[in-house]
Amino acid sequence: MSLPPSPSKTDLLAALRASGDETLATLSVLPEEVLARGRYEGGWTGREIVAHLASVEWTYPRLIDLARQAVERPVEAAGPSSPAPSGGGIDAYNARQVARRADVPVAGLLEEFARNREATIAAMEAVDDALLAVPVRTAAGLEGPLGSILRFVAIDHVRGHLRDVTAGA
């Protein structure tokens, strides 16, 4: 997989804000029947994708912390990594996170996403451009410069799922 080039801090912050606003604006107006449809290749419904987006958003500030740790205490050339999820890998982890939110209304999931996106933005505001070049590895095994990883997982990944939910809506 080819990662996007590492953006500047200014560009990444703008993209995080735009992606978050787009996600919230789009998902908040979708009717329940659209969110009840199966959309994802694993059989998730639109509502389950919203739960996934809410649950995964908290991990992005953690990636920033990992990059800082790599600078402060270099451990290996490839940089630090998020701990691999226990119990069946990343797909099983994602399924557990979605299941934990099965009774949360869509409005609550969107609130969780918004809170977590704000935490991601706040963490990015404290970053300097040099940190965006530090290599990190996600729990899913994706490796690259922090800026490229964040661009891919927090923006491209989220927009991809947004397209999943809205396809044919």
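The two atoms that bring T120 and P61 nearest to each other are OG1-CD, 3.4 Å, heavy atoms only. For the residue pair A133 and P145, the shortest heavy atom distance occurs at O-CB, 3.9 Å.
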R159/S19 under side chain to side chain contact (heavy atoms under 4.5 Å, CB included): CA gap, chis, key distance, verdict: CA-CA 7 Å; R159 283 190 172 141; S19 167; 3.9 Å; yes
Worked check of side chain to side chain contact (heavy atoms under 4.5 Å, CB included) between V50 and L53: CA-CA 5 Å; V50 175; L53 294 177; 5.6 Å; no
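The structure places NZ of K9 at 10.0 Å from CG of L131, a figure rounded to the nearest 0.5 Å. Here CG of L16 is found 4.0 Å from CD1 of I155. Values are rounded to the nearest 0.5 Å. Atom-to-atom distance recorded for I149:CD1 and L63:CG is 7.5 Å, nearest 0.5 angstrom. The OG atom of S8 sits 8.5 Å away from atom CG of L13, with the distance rounded to the nearest 0.5 Å. With rounding to the nearest 0.5 angstrom, the OG1 atom of T166 is 9.5 Å from the CD1 atom of I49. The OH atom of Y60 sits 9.5 Å away from the OG1 atom of T138 when rounded to the nearest 0.5 Å.
Between H52 and H157, the two ring planes are perpendicular [angle over 60°; tilted spans 30° to 60°].
By the 4.5 Å heavy-atom criterion applied to side chains, V136 and I64 are not counted as neighbours. Inter-residue side-chain proximity for V158 and R117 is flagged as met; some heavy-atom pair is nearer than 4.5 Å. Considering only heavy atoms from C-beta on, V106 comes within 4.5 Å of R47 through its side chain.
Taking D156 as the reference, R151 meet the salt bridge (charged side-chain N to carboxylate O under 4.0 Å, His left out) condition, with sequence neighbours excluded. Checked against side-chain hydrogen bond (donor to acceptor under 3.5 Å, both in side chains), E48 has the following partners two or more places apart in sequence or in another chain: T45. E118 is linked by a side-chain hydrogen bond (donor to acceptor under 3.5 Å, both in side chains) to nothing, counting only residues two or more places apart in sequence or in another chain. Under the salt bridge (charged side-chain N to carboxylate O under 4.0 Å, His left out) criterion, D129 pairs with no residue at all, not counting sequence neighbours. Among residues two or more places apart in sequence or in another chain, the salt bridge (charged side-chain N to carboxylate O under 4.0 Å, His left out) test is passed with R17 by E125. Listed by chain and number, the residues in a side-chain hydrogen bond (donor to acceptor under 3.5 Å, both in side chains) with T23 amount to none (sequence neighbours excluded).
Under the 3.5 Å distance criterion, the side-chain polar atoms of S148 are left unmatched by any main-chain donor or acceptor of L3. Proximity of a side-chain donor or acceptor of N116 to a complementary backbone N or O of A54 within less than 3.5 Å is detected. Side-chain atoms of N94 never come within 3.5 Å of backbone atoms of Q97 as a donor-acceptor pair (strictly under, hydrogens ignored). Remark: the backbone N or O of A139 is not paired with any side-chain donor or acceptor of Y93 at under 3.5 angstrom.
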Report all side-chain donor-acceptor pairs from residues 24-36 shorter than 3.5 Å, counting only partners two or more places apart or in another chain.
residue, atom, partner, partner atom, Å
T26, OG1, E22, O, 2.8
S28, OG, L24, O, 2.9
S28, OG, A25, O, 3.3

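Residue pairs meeting the salt bridge (charged side-chain N to carboxylate O under 4.0 Å, His left out) criterion with at least one partner in residues 102-116, sequence neighbours excluded, are R101-E112.
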